[in-house]
Asks: 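Here's a structure for you.
Here is how names work: the chains are called A, B, and so on, in the same order as the sequence lines, proteins then strands, and each is numbered from 1. Just so it is clear, the values below take in all heavy atoms, side chains as well, and ignore hydrogens, waters and symmetry mates.
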Amino acid sequence: MRTRYVLLAVGVALLVLLPAYGGNYLVRFGTFLCMYAALALGWNVIGGVTGYPSFATAAFFGAGAYAGALLQVAHAPMPLAWVGAVVFVAAAATVVGFMILRLRGHYFAVGSIALVEVARLVASSWSDLTGGGMGLNVPILPGGPEYAGMVFLYSMFAVAAAAFAVGLWIEHGKLGFALRCIQQNEDAADMVGVNTTACKIAAFVLSAVFAGAAGAIYASWTAYLDPSDAFSILLTLKVPVMAMLGGAGTVLGPIVGVVVFQAMEELLWSNFLEIHHAILGLMIVGLIFFLPGGLLSLGARRRMPARATSREVPAE
Amino acid sequence: MSQDPLLRVSGLEKSFGGVRAVRQVSFEVGRGEIVGLIGPNGAGKTTLVNLITGVVRPDGGRILFDGADVTTQRPFQAARRGLARTFQIVQPFPQMTVLENVAAGALFTGKAASRREAERVAAEQIAFVGLQPFAEAPAVSLTLPNRKRLEFAKSLAMGPRLLMLDEVNAGLNSAELDNALDLIRRIAARGITIILIEHLMKVVLGLSTRIMVLHHGELIRAGAPRDVLADPRVVEAYLGQKFAERYGRLADA
Amino acid sequence: MSELQILVNGLVLGSLYACMAVGFSLVWGVLNVINMLHGSFIVLGAYISFFLFRHAGVHPFVSVPIAAAVLFALGYALQRGAINRVVARPVLTTLTLTFGLDMLAYNLMILAFSATPVRIILDLGRVEAAGVIVPVDRLAAMLLALLLTAVLYAVMRGSKIGRAIVAVRMDRDAATLMGIQVERIYAVTFALGALMAGAAGALLALIFPISPTMSGQYLGKVFIVCVLGGLGNVPGALAGGFALGLIEAFAGVYLGPQNAMTMGYVLMLLLLLVRPTGLMGRKGYE
């Protein structure tokens with residue numbers, strides 16, 4: 001266990017020092033790494049620990065992206081725009097979560113995918129506000145590419161670090177314990193005194209907020225936003241897969257999964273854009289058939305990962 | 001000790017689809033009582049427990065717990081107020097250890113402020129029910145009688161004032177049954193009020209200070225065991241003549 | 001456009017949607033698996049019809065059973081080879097797997113067919129009655145879709161395998177005790193789902209342009225139909241299909257086509273919250 005944390009510290013150090021030794025390309029890669037880490041760690045709270053299979057990541061990522069972008073277009077300074085985006089996403093997630101967390105299993109999953117679709121369609125149709133399919137241009141950060149690269153790297157890193165801190169808190173704290181109880185037997189959790197509604201919403205909002213923050217930073221970083229990019233089905237599927245690749249429900253799992261996935265992507269297929277979907281598909285098949293507990297489940301003996309009861313009935 | 005009943009139920013009504021599962025049920029349970037609730041299958045006993053613990057909402061009537069109106073409470077609120085129940089089919093957190101399962105009961109009802117304190121309380125309850133050897137075992141690995149004990153330990157960790165035992169003794173053999181009876185007596189001795197839902201008359205008669213009989217959702221009789229068993233309606237609905245005679249003697253003992 | 005015309009358009013759409021969705025609904029209801037590949041199955045069926053028409057001059061109506069057969073075989077193989085391994089696993093696992101397989105299928109189709117939409121152009125004329133105009137190809141597609149759905153219904157009720165499928169759906173363990181080989185039923189059900197999708201796709205090829213990029217849209221519609229109509233049975237798919245068809249037809253005219261799509265999803269979300277078992281609930285077991 002200790003070696004893992006040492007490795008993590010080394011990785012963090014390498015990441016933080018990137019601008020000193022790496023060129024623009026590496027800094028970009030590092031920024032993406034942090035972004036996906038934030039997304040995967042966030043997803044883990046609702047998907048891995050609580051066991052609610054959410055595919056809504058892109059909905060909140062995109063919402064944060066558009067909120068941040070629009071605030072900047074309205075001349076808000078970038079950090080303020082980001083804060084505004086996070087507040088917006090937190091509020092939206094609370095409202096949406098209150099409604100959608102009444103569903104379980106398949107229905108919840110389907111509902112969460114629908115959120116992404118609805119968000120994308122709304123962003124496309126509301127072209128007066130969002131520029132629709134033509135896209136939205138976001139004011140570029142002055143100061144040159146190296147400076148911008150650093151700003152966005154460290155911003156994404158901060159979000160990822162915050163997500164990690166929350167992950168640790170969830171792992172050891174009362175809310176996390178409650179969420180694990182909910183995952184193993186929601187009705188029993190209710191009977192034992194857990195306010196399941198409040199806990200689930202908290203988990204949902206936490207995961208949404210990190211997605212929204214990452215989205216807002218992403219919008220400022222790429223300086224251009226369009227609905228398919230912001231509310232990408234590929235993203236909403238990749239994030240849970242990365243978390244599962246490392247090991248859903250653990251704190252380090254999502255980080256491991258992100259690093260391995262991104263490294264593989266960069267080394268193997270980032271130059272072959274036309275097979276991106278296929279590779280993701282194959283990775284998923286391999287993951288599910290051969291590595292259901294994730295990479296962290298290999299190696300030293302581990303207590304059985306907390307898993308919901310296997311058969312879920314459609315109408316609950 | 002206060003003379004107010006701990007639980008007062010008045011005019012409780014619940015229908016599912018077209019079926020009236022609970023009809024105009026009214027009763028009181030005093031502090032420190034052990035009340036047996038008997039009746040044929042489908043009489044509405046579990047529905048009644050579900051109503052009292054907030055798992056389902058009544059269509060009519062009121063539930064007062066220690067003076068507070070809890071008619072529309074949700075299960076976690078009932079738990080925090082001191083209303084605990086066990087399930088016929090035990091409901092643990094399967095992958096968690098026995099200790100974690102029981103600690104959950106202490107932590108989320110507010111009886112323990114921290115995880116560590118909850119585990120301390122849990123250890124006490126685990127010892128009380130005799131499950132120490134299994135404290136670190138995952139709940140899913142326990143035998144049936146031990147799972148029932150886990151249910152007990154978990155409910156006790158919740159610090160209940162009223163404990164509703166829903167057919168806890170189903171599936172136990174005669175030796176295990178004696179252990180269970182002893183456990184229930186010891187729980188009552190701690191001052192916890194108990195409602196005992198049971199089919200096994202030996203258990204009900206051995207423990208209850210009072211018996212209520214539910215039939216087709218209606219409370220047809222309540223009172224001292226001897227009186228209830230002698231009541232012709234109860235005999236006809238549930239016990240059968242021979243049975244009533246045989247156990248009438250037991251009740252007198 | 002007159003109300004009646006919109007209504008008829010909605011019914012035509014609705015019958016197609018029902019046919020598209022019934023296989024998906026069946027798989028969800030019986031295997032408890034959400035098959036994200038369903039949209040791709042539909043597109044594949046459409047391409048089969050297109051290529052047979054383009055290169056062999058096969059009439060699209062004849063392609064329907066061919067596409068159905070090809071997809072049946074594909075579905076059967078896929079279920080035995082891949083889906084079967086996850087049937088009892090949690091939602092996250094099964095959904096992610098079929099999602100991933102769909103990514104693969106999508107990519108393969110893009111590489112094979114390119115994203116450029118193609119069409120079968122076959123002008124069969126129009127039918128006019130009471131001021132309502134319906135192109136014959138659409139009318140024919142509608143009738144064939146309803147016919148296919150009716151055949152499936154008959155198979156589910158009347159045939160031994162159909163009843164076995166219903167038994168598995170109602171109670172898997174009881175079905176095993178009755179001697180039903182549940183794994184074979186799963187495979188057949190999944191294959192039937194693929195078959196219906198392929199057939200529906202072949203019908204769609206007659207009327208709409210097709211492209212691999214449409215698989216997501218089709219999947220979305222099929223989801224909506226299932227939530228609207230209820231899972232696992234034919235009447236539910238019909239109810240949901242017609243409901244969606246009518247909603248889209250009217251919303252398309254009054255709100256614009258893109259908003260009509262959004263409306264569909266919003267409606268689905270609302271229904272999920274209010275009545276997840278759908279308009280038909282679980283009453284029908286066929």
Asks: Hey, which of A:V122, A:L237, A:V110, A:V285 has the most heavy atom pairs under 4.5 Å with chain C?
Replies: A:L237

Asks: Please state whether the side chain, the backbone, both or neither of C:M263 comes within less than 4.5 Å of a heavy atom of chain A.
Replies: neither

Asks: Could you tell me which portion of C:M268 (side chain, backbone, both or neither) has an atom closer than 4.5 angstrom to a non-hydrogen atom of chain A?
Replies: side chain

Asks: What part of A:I113 is in contact with chain C, defined as an atom under 4.5 angstrom from a non-hydrogen atom: side chain, backbone, both or neither?
Replies: side chain

Asks: Compare every heavy atom of A:S125 with every heavy atom of C:T262, then report the nearest pair and how far apart it is.
Replies: OG1-OG, 4.5 Å

Asks: Roughly how far, to the nearest 0.5 Å, is the OH atom of C:Y106 from the NE2 atom of A:H276?
Replies: 13.0 Å

Asks: If you look at every heavy atom in C:Y265 and A:A114, which pair is closest and at what distance?
Replies: CD2-CB, 4.4 Å

Asks: Which atoms of C:L269 are under 4.5 Å from chain A, going by heavy atoms: the side chain, the backbone, both sets, or neither?
Replies: side chain

Asks: Is it the side chain or the backbone of C:A82 that comes within 4.5 Å of chain A heavy atoms, both, or neither?
Replies: both

Asks: So which of C:T96, C:T94, C:V266 has the largest heavy-atom pair count under 4.5 angstrom toward chain A?
Replies: C:T96

Asks: How long is the span from the CG atom in C:N259 to the CH2 atom in A:W126, to the nearest 0.5 Å?
Replies: 12.0 Å

Asks: Test side chain to side chain contact (heavy atoms under 4.5 Å, CB included) on C:L272 and A:I100; report intermediate values, then the result.
Replies: CA-CA 8 Å; C:L272 275 177; A:I100 205 177; over 6 Å; no

Asks: Does CZ belonging to C:F242 count more than 12 external heavy atoms closer than 6.0 Å?
Replies: yes

Asks: Under a 4.5 Å heavy-atom cutoff, which of A:L115, A:I284, A:L234 has the most pairs with chain C?
Replies: A:I284

Asks: Could you go step by step and tell me if C:R85 and A:I288 meet the side chain to side chain contact (heavy atoms under 4.5 Å, CB included) rule?
Replies: CA-CA 9 Å; C:R85 300 170 94 168; A:I288 298 216; over 6 Å; no

Asks: Which answer fits A:Y52, side chain, backbone, both or neither, if we ask what part of it has an atom under 4.5 Å from a heavy atom of chain C?
Replies: neither

Asks: For A:H277 versus C:N107, what's the shortest heavy-atom pair and its separation?
Replies: N-OD1, 3.1 Å

Asks: Is the number of heavy atoms from other residues, nucleotides or ligands within 6.0 Å of CZ (A:F98) greater than 12?
Replies: no

Asks: CE of A:M99 to CG of C:L273: how many Å apart, nearest 0.5 Å?
Replies: 6.0 Å

Asks: Please state whether the side chain, the backbone, both or neither of C:I110 comes within less than 4.5 Å of a heavy atom of chain A.
Replies: neither

Asks: Near C:Q181 CD, under 6.0 Å, is it more than 12 heavy atoms from other residues, nucleotides or ligands?
Replies: no

Asks: Of the listed residues (A:V118, A:I279, A:L280), which shares the most heavy-atom pairs with chain C below a 4.5 Å separation?
Replies: A:V118

Asks: Of the backbone (N, CA, C, O) and the side chain (C-beta and beyond), which part of A:S124 lies under 4.5 Å from a heavy atom of chain C, both, or neither?
Replies: both

Asks: For A:V241, which atoms come within 4.5 Å of any heavy atom of chain C: side chain, backbone, both, or neither?
Replies: side chain

Asks: So, the side chain of C:R89 versus the backbone of A:P292: is there a donor-acceptor pair under 3.5 Å, distance only?
Replies: no

Asks: Where is the tightest heavy-atom contact between A:A109 and C:L95, given as atom of each residue plus distance?
Replies: CB-CD2, 3.5 Å

Asks: Considering only heavy atoms, which portion of C:F99 lies under 4.5 Å from any heavy atom of chain A: side chain, backbone, both, or neither?
Replies: both

Asks: Would you compute the distance between atom CE of C:M261 and atom CG of A:L121 and round it to the nearest 0.5 angstrom?
Replies: 5.0 Å

Asks: Look at the aromatic rings of C:W28 and A:Y107 and report parallel, tilted or perpendicular, splitting at 30° and 60°.
Replies: tilted

Asks: Using every non-hydrogen atom in the two residues, find where C:V91 and A:P53 come nearest and quote the distance to one decimal.
Replies: CG1-CG, 4.0 Å

Asks: Could you please spell out the steps behind the side chain to side chain contact (heavy atoms under 4.5 Å, CB included) verdict for C:L111 and A:I275?
Replies: CA-CA 8 Å; C:L111 291 173; A:I275 56 168; 4.2 Å; yes

Asks: What part of A:M283 gets within 4.5 angstrom of chain C, counting heavy atoms only: side chain, backbone, both, or neither?
Replies: neither

